[in-house]
Amino acid sequence: QVQLVESGGGLVQPGGSLRLSCAASGSIFSIYAMAWYRQAPGKQRELVARITSRGITNYASSVKGRFTISTDNTKNTVYLQMNSLKPEDTAVYYCNAGIKITIATAPDDYWGQGTQVTVSS
């Protein structure tokens, strides 16, 4: 009933920029937080950045100062602006959201399908 659809991945040269988007749709009562995770080949999925409904953000130390997470609450959309990209940022990036579908239910975690980001010359 809830879908997260990501877009914006692709191939970029080192030092370049990309902007990822993730739109949540379906039976949504409220969203308490949205986040971006990534998983590189042979590695565990890791948190990249997270933003709460109050706008509180946190970032992985490896991306702090280079990536910016933001939301458009009117569109239930989260963005990840990635600047000064490095080859080690290469991974599949996943959108995550904590969503209540009714006022009475606890929030559940929802995931997007992932979008590939490749940083290479």
Carefully, step by step, assess Tyr110 and Ile101 under the rule side chain to side chain contact (heavy atoms under 4.5 Å, CB included). CA-CA 11 Å; Tyr110 293 87; Ile101 60 172; 3.7 Å; yes
Check: [X] side chain, [Y] main-chain N or O, donor-acceptor pair, under 3.5 Å:
{"X": "Ser84", "Y": "Gly15", "answer": "no"}
{"X": "Gln3", "Y": "Ala24", "answer": "no"}
{"X": "Thr71", "Y": "Asn73", "answer": "no"}
{"X": "Lys100", "Y": "Thr105", "answer": "yes"}

Value rounded to 0.5 Å, distance of [atom1] in [X] from [atom2] in [Y]:
{"X": "Leu4", "Y": "Asn96", "atom1": "CG", "atom2": "CG", "result": "7.5 Å"}
{"X": "Tyr94", "Y": "Tyr37", "atom1": "OH", "atom2": "OH", "result": "13.5 Å"}
{"X": "Ser30", "Y": "Ile99", "atom1": "OG", "atom2": "CD1", "result": "9.0 Å"}
{"X": "Ile69", "Y": "Met82", "atom1": "CD1", "atom2": "CE", "result": "11.5 Å"}
{"X": "Thr68", "Y": "Asn83", "atom1": "OG1", "atom2": "CG", "result": "6.5 Å"}
{"X": "Met34", "Y": "Leu80", "atom1": "CE", "atom2": "CG", "result": "12.0 Å"}

Would you call Asp89-Arg66 a salt bridge at under 4.0 Å N-O? yes
Scan residues 37-104 for pairs that pass disulfide (SG to SG under 2.5 Å), counting only residues two or more places apart or in two chains. Cys22-Cys95
Taking the six-membered ring of Tyr79 as reference, does the cationic atom of Arg19 (NZ for Lys, CZ for Arg) lie under 6.0 Å from its centre and within 45° of its axis? yes
Could you check whether atom CD of Gln44 has more than 12 heavy atoms from other residues, nucleotides or ligands sitting under 6.0 Å from it? no
Looking just at side-chain N and O atoms, do Thr77 and Asp72 make a donor-acceptor pair shorter than 3.5 Å? no
Write down the atom of Arg38, the atom of Ala91, and the distance for their closest heavy-atom approach. CB-CB, 3.8 Å
Parallel, tilted or perpendicular, as decided by the 30° and 60° cut-offs, for the rings of Tyr93 and Phe67: tilted
